[in-house]
Amino acid sequence: MVRCFLIHTVCPLSAVAPGESRVLYSRVFGPDEGVQSAQQRELSPEERRLLQKEKVAVVARQVHSAVSLSREASGRLLVETVPGEEALALQEADSGVMRLRAGDPFSEEMSVLWLGVQSLGFALVCESHENLLLAEGTLRNLTRHCLEHLHMLGQGSEVLLKSNRIDVLLSRLLPCGQLLFLNHRFAQSLEKEVAAYMAK
Amino acid sequence: MYSHGSESLIKQAREIQEPELQKFYNRLVKLLQGKEFSHETVDSLQRLHLILSATKYTRTLPSELQKRLSSLLSSPSEQLQVLSSAVLRETLPLSGQERNYNQDNISQLNSHAAALLLSQAGSRADLSSLCAQLLRSLESRPSEGPSHSLTHMLPILNTILTHSPECLTEDHMTLLSKKLVDWLRYASITQGGGASSGGFFTGPRSRQPVPIAELDGTVSGDFFTVLCVGQGFTEDQWMNVFSFSMLRHWLLTYHSVSNGNTAADTDDRSEVDGSVVSMVSATSSTSRLLPPKERLREKAFQYCQRLIEQSDRKAHKRTDTELQRACLVEAVCILDCLCIEDTSLVFRAFPCIKALFGRLSSDLSFARVLLPLAQFYLNHGEIAAVDCECVWNLVFGRFPADLFNDPFLAHELLRFLRVNLESLQLRVPQYTRSFPNLLKLLAWDSPAVVDDFVDLLPSLVTAGTAVELLHTLLDLPCLSATLILQLRSASLPICEPGGRSLLSLDAFRNPSYRGLFLFLLRGEAGSGDTIDRLSTLHELLAEAADWPRVIQCTQTVPVLLHIFFNKVITVADEKLLAHLILVQLERSSLLLNIPNYIKEIHRVFSCHLLRLCKLHPSLVVDQSHELLEFAGTTANVYSKEEIYTHVVWVLGEYLSVSCDSRCSVRLITSCFEAMEAVLFEITSSAPPPGTSSPAPRVITTLMSALAKLASRSHDLIPRVSMFLSKLRKVSRGGSVVWCSDEEDLVAIVTRGEELWSLLKAPGVAQSVLTPPPHVTTPQWHRDTNVAMPLRLRALTSLTHSQ
């Protein structure tokens, strides 16, 4: 299952320290990890929420670092794309996967798949035994929809002001963090529902 | 993409002041009081979400607002459902009104409210009651109701399984097993959504159900699976998709865990009459009589076999082709899971697995499907007595050699190795020889996989291959450069028209240097520790010193060397350790010329040279010839200061009869003379152009080493005093060419004086300069014969009344 989906910055920002990443959207699926461990059950709800936010921030920083190193190593020039060129942006995106050890920061080992589309990163935190082929396809699909429906290649801030669209997208394509084996017909059916919602 | 606008929005959301926030809350409450919900309501709710989620510190909402939001969860408008659940997820439940998980019925909530309820579960008890509610409604559900209302229950159930598998009772498991069997195996085989066979004269009455189709367009001849298509889908076909999506997790959670008690029985049975049992189950026509768990296993088996067959069809759409691959991976993993649980299934599964392997093994684009197949072979190959050599040749041979630049394959391959390490070390002897290939993954993308190699490297260190592994690790940056050249050579034309081509690329393509590069690119260990023309190779790759990928690689080598040395001392005998010392001395000047890299490697070498000699002091006498040669070369002081200092130190410390009886007076004298010569030279002339003066530490270490040697062979003491008096004279003159700092010079001279005073009492000098072990590691309280315990015992017996 997927534990977490996040969208964050991967470019250097003047407002934050170098290496830090601004999380623009994050969704953790399921109950807090602390439900199982006795240690974390002693935390108050505020502390649990804080802990969860910190964990997401850790993932964002790690992905930021991975994207920067990958781009540096490949030496490819970043291609600027404009709204309308979502498919191209996705094709040109850097992608990779990394391992998060148990305890750092999630209590079990996780695999993080990431896509770096220009100045933003899209990351999926999955359990380590998950079907990564399926996860990769799902991540690309989610990213494409986000880029299109939230006009992310432009200068707008819809990712912040229309985050409910991402919520609906996730509820159809990744319900409660469940990866789905969707052939093109099933996917079309769900995407029609999503498009109908976005039109409101 | 990320604009100043977004940044300022986040800042505003974080820095909103309390009075303004309260005003906002009040306005929102008023908006929510109305019957109609306008765009303003939606925008305000979205703004509220931003304010709450932008900060990691929790803001509490006024209770009135929170109540209104809770009531919005069941609003008919999906937008309001989504927004209210998003907002409530970012805040805390009202105190005193914590959700009573026994009251709400999750199955009657819409998907957003249900997900919210799930995310707010605070304990196992909450999850248990959610689970019970879901399964109760599953049991009693009639088949009407809005579509997806059932489908959103399976993901919730799967989440509960992840966090708290004990929530399900035996009855629950039986119920769900039965349901899963129905959905997986007996879903409708006609298209849903009112699809008709078309035609001019069709009316509602003549609408005939259209059968489902395969991905290549042909009509489907068997039961429905995720690889079947139709114009529309029925509810149970949706459930088929959701069921398959969670099937592996279900099997992993319940079929391996709960079988813990009966595992011993099934193993015995299969061992005793393995072949007989397999014949019987090969023709399982009696599946209807099986208990629910076994029935699910049987149906899952059939589903996977069908998927494997369906994946051979040529899909019309690219996304479907990708799905077929994902399905192959999933199907093989599920079959593996089932066979682990019931070994009699292995004989039924293997023909299918073997055929699939045969079909895919020549096509590297299926590499990620071949890994789960390799896992199957590893787990069950022995039972089925199948030869797995071709599998391992792929996994350890072709994959790392040809697909090193696929980050996903690298990740999965390394995970496969990590998870199966013990098994591989037992069953696959070529594993420990395959490090030249495996290290290609590291050389290409060090930051992504170094963590995996930290775990795997110890298993690759064996006495037989240690020296070759050390050389390979030291030349990892060269391998990195070579891989880059290999890829460029394949993609660039042979001669670029009028362009400047890389020198290194020319060298790579040059037949006379072919052997060098081929050695680096070798797949297996055993053909030689390293090559003679290593320095030539380094020169050819000189321009790679500033390639980012190569630099990233150099940053991981020191860590891996530490791991290597830590492991090798546990498996090596003294002969091998001696060889490793020689390799360190030799390679300290034979490294790819990247300044920071050379410095770091020298530091690692120094550390481990010291450790090896501490563990086995006789190594110093053993290798005295080479160590002396190193210590006697003045140039080493300037180019390899760190290592030089440590070599001199170990010579001074361990070249003595007490460490090794082979140590003779002649050896001590020749060592003394070699070091004395160097010391004279570096303290009388300026450093060669381009180098800086030697650090005071080198000089004082040399002096101390000489003093230690002299304390063991007293004839040498006058020579030490001669040197020290010369030093004093020279330093009185003020500054010297070989030491730039006056304070350093004073420290050096002071040290010299201390050593000289010590040597005036030769008998004491030896025990002060090289104290015997019982002095350096005192055992006062542990050694029962030493005075302190005796005294304490005496006192105790005196003070305790009889």
Side-chain angles (χ1 to χ4, degrees), chain A residues 1 9 11 13 15 22 24 29-31 35-36 41 45-46 49-50 53-54 66 69 72-73 75 95-99 101 111 118-120 128 131-134 136-137 152-153 155 157 159-164 167-168 171 175-187 189 197 200, chain B residues 1-3 5-7 9-10 46 49-50 56-58 78-79 82-83 86 92 111-112 115 118-119 121-124 127 152 155-156 158-159 162-164 215 226-227 229-230 233 241 244-246 317 319-320 322-323 325-327 329-330 368 407-408 411-412 447-448 451-452 548-549 552:
Chain A
M1 300 211 71
T9 59
C11 55
L13 290 174
R22 219 20 124 215
L24 301 175
F29 296 105
V35 161
Q36 302 151 288
R41 242 180 278 145
E46 287 111 328
R49 180 170 175 270
L50 180 60
K53 289 276 186 193
E54 295 282 17
L69 287 168
E72 191 187 30
S95 64
V97 56
M98 67 184 183
R99 165 198 177 199
R101 280 182 185 268
S111 297
Q118 287 165 86
S119 55
L120 293 182
S128 56
N131 187 326
L132 292 183
L133 264 176
L134 186 64
E136 203 190 327
M152 289 176 87
L153 293 177
Q155 289 297 305
S157 310
V159 63
L160 294 172
L161 296 173
K162 300 228 164 107
S163 63
N164 66 91
D167 288 335
V168 167
S171 76
C176 290
Q178 173 77 61
L179 289 167
L180 297 174
F181 288 86
L182 300 170
N183 62 49
H184 76 278
R185 280 273 176 223
F186 279 105
S189 170
Y197 180 91
K200 284 190 215 151
Chain B
M1 285 177 93
Y2 185 69
S3 61
S6 304
E7 180 66 21
L9 271 173
I10 294 184
Q46 187 68 78
H49 177 256
L50 180 59
K56 59 188 182 184
Y57 301 109
T58 323
E78 188 175 7
Q79 213 171 17
V82 174
L83 283 164
L92 310 169
S111 65
H112 305 287
L118 182 62
S119 69
S123 66
R124 283 215 178 112
L127 291 177
H152 82 246
I156 295 179
N158 202 8
T159 309
T162 311
H163 287 90
S164 180
L215 290 175
V226 296
L227 293 177
V229 288
F233 296 106
V241 172
F244 179 67
S245 300
M246 71 175 272
K317 303 239 177 208
T319 49
D320 287 339
E322 286 167 11
L323 183 69
R325 286 203 193 169
C327 284
V329 169
E330 193 77 359
R368 288 173 71 186
F408 295 94
H411 174 93
E412 291 180 333
D451 202 44
D452 289 319
R549 206 177 281 281
Q552 284 175 7

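Bear in mind that the values here come from a model prediction, so they are computed numbers and not experimental data. Naming: A, B, ... by sequence-line order, numbering from 1 per chain.
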For chain A, which candidate among [options] shows the most heavy-atom pairs at distances under 4.5 Å?
options	answer
B:Glu322, B:Gln79, B:His49	B:Gln79
B:Leu215, B:Asp452, B:Leu227	B:Asp452
B:Gly5, B:Ser6, B:Pro447	B:Ser6
B:Pro155, B:Gly230, B:Ala448, B:Cys327	B:Pro155
B:Asn158, B:Val329, B:Leu9	B:Asn158

If I take atom NE2 from residue B:His411 and atom CG from residue A:Leu132, how far apart are they, to the nearest 0.5 angstrom? 5.5 Å
Which one wins on heavy-atom pair count under 4.5 Å against chain B: [options]?
options	result
A:Pro45, A:Gly96, A:Ala66	A:Gly96
A:Met1, A:Lys162, A:Gln118	A:Met1
A:Cys176, A:Ala73, A:Gly30	A:Ala73
A:Arg99, A:Glu54, A:Arg185	A:Arg99
A:Val168, A:Leu161, A:Leu134, A:Val159	A:Leu161
A:Ser95, A:Gly177, A:Cys11, A:Gly137	A:Ser95

Identify which part of A:Ser163 has an atom lying under 4.5 Å from any heavy atom of chain B, answering side chain, backbone, both or neither.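 Its backbone and side chain both get close to chain B.
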Segment of A:Arg22 engaging chain B (4.5 angstrom heavy-atom cut-off):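 It is the side chain, since no backbone atom gets that close.
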Heavy-atom donor-acceptor pair, B:Gln46 side chain to A:Asn164 backbone, under 3.5 Å: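 Yes, the answer is positive, given that a donor and an acceptor are paired below the 3.5 Å cut-off.
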May I ask you to decide whether B:Arg368 forms a salt bridge with A:Glu136, counting only side-chain N to carboxylate O separations under 4.0 Å? yes
Beyond-backbone contact of [X] with [Y], side-chain heavy atoms, under 4.5 angstrom:
X	Y	value
A:Leu50	B:Thr58	no
B:Leu323	A:Leu182	no
A:Pro31	B:Leu118	yes
A:Glu72	B:Pro548	yes
A:Arg101	B:Asp451	yes
A:Asn183	B:Thr319	no
A:Leu180	B:Val226	no

If I compare all heavy atoms of [X] with all of [Y], which pair ends up nearest, and what's the gap?
X	Y	answer
A:Gln178	B:Ser245	NE2-O, 3.0 Å
A:Asp167	B:Ala86	OD2-CB, 3.6 Å
A:Ser119	B:Met1	OG-CB, 3.3 Å
A:Gln155	B:Ser3	O-OG, 3.1 Å
B:Glu7	A:Leu13	OE1-CD1, 4.3 Å
B:Val229	A:His184	CG1-CE1, 4.1 Å

Heavy-atom distances under 4.5 Å only: say whether [X] touches chain A with side chain, backbone, both or neither.
X	value
B:Thr162	both
B:Glu78	both
B:Lys56	both
B:Asp320	side chain

Return the set of residues passing salt bridge (Lys or Arg N to Asp or Glu O under 4.0 Å) with A:Glu46 (not counting sequence neighbours), or none when no residue passes. none
Residues two or more places apart in sequence or in another chain: which of them pass ring pair (Phe, Tyr, Trp, His ring centres under 6.0 Å) with B:Phe244? A:Phe181, B:Tyr303
